[in-house]
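Heads up: the structure comes next, in structure tokens.
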Amino acid sequence: MLFNSLTFAAFFTVLLLLYTLIGSWVWRKRLLLVGSYLFYAAWNPPYVAILAFSTVMDWWLARRLASAEAPATRKLLLLTSVGANLGLLGFFKYGTFVLANFQALLANIGIVYVPPEFSIILPVGISFYTFASLSYTVDVYRREIRADASLSDYALFVSFFPHLVAGPIVRARLFLPQLQTPRSASKDQLGWGMALLVIGLFAKVVMADGLLAPVVNQVYAAPGNFSALDTWLAIFAFSGQIFYDFSGYSTCAIGIALCFGFEFPDNFRYPYAARSFADFWRRWHISLSTWLRDYLYIPLGGNRGATWKVQRSLFLTMLIGGLWHGASWLFVIWGALHGFYLALERLLRGPVSQHAKEPTLFAGLLVFVIVSLTWIPFRAPDMATAVEIVQGVLRFSALPKLAKFEALLAFGAILATLVWHNRMRHTSLEALFAQNKPIQNSAMLAGAILLIFLFSGGERHAFIYFQF
């Protein structure tokens with residue numbers, strides 16, 4: 001069920017109306033739990049069983065962890081949770097990938113192996129709800145939170161429909177306390193939640209799908225046919241597309257949750273205003289980058305130890321972060337590149353003085369260009385396409401083939417994005433709306449709704465991060 005669909009509009013309206021009319025907090029939570037499972041079942045009903053199994057397993061293991069005292073027992077329970085969660089994720093997301101690479105490895109040494117044919121359908125959102133659930137058992141093991149949530153409350157935490165499919169990755173320590181007392185959205189919360197929903201849909205429907213995707217899709221479909229100018233435009237356009245697509249979903253999710261009285265963390269903070277690669281990852285997919293920091297980078301050693309150990313930890317964290325996105329060597333390359341940038345930047349930067357000057361705008365533009373080039377393996381459907389795109393950036397002898405109007409719209413969208421991100425670098429959307437007059441905010445939202453309507457004809461596109 002897509003946020004940018006009439007089906008979801010009807011689902012959301014009915015659910016919010018019932019939630020408002022029901023007086024009992026217990027029954028409100030039950031309504032949200034049933035609604036969330038129906039939301040997930042709309043995609044593929046049988047796969048609801050996987051979501052339920054993961055939920056019950058981690059809830060039970062966490063309660064056992066909380067009561068266990070023997071270190072060996074506690075480690076065994078934690079390893080059971082980690083193994084089961086990563087096992088599910090590994091089978092559904094990486095099973096085919098591992099088998100194909102194993103077959104290729106045997107072929108290289110002269111062994112012909114033909115595995116039995118089977119098809120694995122990736123459960124939508126499994127990467128997100130697996131990480132959310134796994135963080136709960138790890139936090140209980142560390143004794144950072146208590147395992148006193150009821151099964152129904154814990155199930156609602158894992159399955160709450162705004163974040164279930166594509167994040168943000170909400171942690172139990174943030175969400176479960178919100179279930180302890182009755183929650184209803186105030187007029188201000190409801191108004192801001194609806195505004196965020198409109199802004200998120202504008203980012204997805206108008207910016208990502210309407211202005212940027214057409215250029216990206218044409219060039220990546222046949223990269224050998226386009227000039228260097230076309231290729232560079234498509235590379236930068238995808239930087240905009242992936243941002244507006246994913247941040248649009250996150251903004252919708254945060255707004256929808258707020259309409260029910262729940263608060264989610266920000267997931268994006270104007271990443272193309274970053275002046276360094278470390279700054280970029282403090283602004284891009286924040287819920288994932290902080291998850292990787294707390295549950296992978298710090299346990300690997302973090303900033304402690306020798307320089308080479310810190311660099312190793314950075315590189316491995318980003319490598320695994322790349323693989324989290326999908327079962328493909330292209331995602332591994334994407335993660336490895338970011339790991340290399342972060343490690344190299346840290347090495348060259350050295351100890352940072354408290355009075356060090358802020359990096360210049362030129363440094364920010366350089367980071368944007370390198371990040372955009374690094375998106376190539378992320379977007380390319382296969383290695384051959386990625387190589388052709390890289391070759392295309394030097395094809396200056398060829399004439400541009402993209403339609404001028406489409407190209408100008410995409411270029412204008414990219415330029416506006418860079419200006420907007422740098423304008424908002426040290427502030428937030430909430431602060432901007434707060435300083436505006438109500439009539440200004442109303443006019444902006446009305447304009448966004450009009451553009452959503454004008455761009456919403458034809459095929460609806462799923463959010464890119466649904467595949468992860």
Side-chain angles (χ1 to χ4, degrees), residues 1 15 19 26 28-66 77-78 80-93 122-141 144-180 183 249-250 253-254 256-257 260-265 267 287-288 290-291 294-295 324 465-466 468:
M1 197 183 299
L15 192 66
Y19 182 83
V26 172
R28 278 187 171 188
K29 291 190 289 185
R30 290 175 179 172
L31 171 70
L32 290 180
L33 179 59
V34 171
S36 296
Y37 268 77
L38 288 174
F39 174 85
Y40 194 72
W43 169 73
N44 194 329
Y47 275 30
V48 167
I50 300 170
L51 174 63
F53 171 77
S54 177
T55 299
V56 173
M57 174 193 65
D58 281 329
W59 176 80
W60 181 80
L61 286 171
R63 292 177 75 88
R64 292 290 305 275
L65 263 171
L77 289 168
L78 177 64
T80 302
S81 174
V82 172
N85 278 288
L86 296 185
L88 279 173
L89 187 61
F91 175 77
F92 285 101
K93 192 164 186 174
L122 178 66
V124 66
I126 189 171
S127 297
F128 289 92
Y129 70 71
T130 296
F131 270 29
S133 188
L134 186 56
S135 68
Y136 177 65
T137 52
V138 174
D139 286 350
V140 171
Y141 173 79
E144 294 178 354
I145 60 173
R146 300 174 62 183
D148 54 358
S150 66
L151 178 58
S152 59
D153 277 4
Y154 183 72
L156 179 55
F157 150 65
V158 175
S159 66
F160 191 35
F161 73 93
H163 75 90
L164 174 61
V165 175
I169 301 173
V170 181
R171 301 194 199 180
R173 67 175 72 184
L174 171 69
F175 190 82
L176 288 176
Q178 298 186 57
L179 297 177
Q180 299 306 307
R183 307 188 73 83
Y249 186 94
S250 295
I254 293 168
I256 292 165
F260 293 93
F262 295 94
E263 296 180 0
F264 280 1
N267 209 24
S287 63
L288 175 64
T290 53
W291 197 101
D294 295 342
Y295 300 104
W324 175 87
Y465 264 69
F466 275 24
F468 307 138

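Using bins of under 30°, 30° to 60° and over 60° for the plane-to-plane angle, the ring pair His163/Phe264 lands in the perpendicular bin. A perpendicular orientation is assigned to the rings of Phe161 and Phe260, their planes being inclined by more than 60° (bins at 30° and 60°).
Shortest non-hydrogen contact noted between Asn85 and Met57 is ND2-CE, 3.8 Å. Scanning both residues, Tyr129 and Ile50, for their nearest heavy atoms gives OH-CG2, 3.5 Å. Heavy-atom minimum distance, Leu164 versus Phe128: O-CB, 4.0 Å. Summarising the geometry of Gly35 relative to Leu15, their closest heavy-atom pair is CA-CD1, 4.3 Å, with the distance given to 0.1 Å. The shortest non-hydrogen separation linking Leu156 to Ser36 is CD1-OG, 4.3 Å. Closest of all the heavy-atom pairs between Leu31 and Tyr19 is CD2-N, 3.4 Å.
Annotation: the span from Leu179 atom CG to Ser150 atom OG amounts to 8.0 Å, rounded to 0.5 Å. Put simply, OH on Tyr154 and OG on Ser159 are 10.5 Å apart, with the number rounded to the nearest 0.5 Å. Remark: Tyr136 OH to Leu61 CG distance equals 11.0 Å, nearest 0.5 Å. The structure places OG of Ser127 at 12.5 Å from CZ of Phe92, a figure rounded to the nearest 0.5 Å. Atoms CH2 and CG, from Trp60 and Leu65 in turn, are 10.0 Å apart once rounded to the nearest 0.5 Å. Here the CD1-CG distance, from Ile169 to Asn267, works out to 7.5 Å after rounding to the nearest 0.5 Å.
Between the side chains of Asp58 and Ser81, a donor-acceptor pair is found at a separation under 3.5 Å.
Two residues are said to be in side-chain contact when any heavy atoms from C-beta on lie closer than 4.5 Å; Val34 and Leu38 meet this criterion. Using a 4.5 Å cut-off on side-chain heavy atoms (C-beta onward), Thr130 and Leu88 make no contact. Between Phe157 and Thr55, every side-chain heavy-atom pair lies at or beyond the 4.5 Å cut-off. In this structure, Phe131 and Tyr295 have side chains that are not in contact, with every pair of non-hydrogen atoms separated by 4.5 Å or more. Using a 4.5 Å heavy-atom cutoff, the side chains of Leu288 and Trp324 are in contact. Asp153 places a side-chain heavy atom less than 4.5 Å from the side chain of Gln180. Side-chain atoms of Val82 and Tyr141, non-hydrogen and from C-beta on, never get closer than 4.5 Å to each other. No side-chain heavy atom of Ile145 sits less than 4.5 Å from a side-chain heavy atom of Arg171.
With sequence neighbours left out, the salt bridge (charged side-chain N to carboxylate O under 4.0 Å, His left out) criterion links Glu263 to no other residue. Scanning for salt bridge (charged side-chain N to carboxylate O under 4.0 Å, His left out) contacts around Arg30 gives an empty result, with sequence neighbours left out. For the salt bridge (charged side-chain N to carboxylate O under 4.0 Å, His left out) test, no residue two or more places apart in sequence or in another chain qualifies with Arg63.
Of the possible donor and acceptor atoms, none in the side chain of Ser54 sits under 3.5 Å from a partner among the backbone N and O of Leu51.
For the pair Asp139 and Arg173, the salt-bridge criterion is met [side-chain N within less than 4.0 Å of a carboxylate O].
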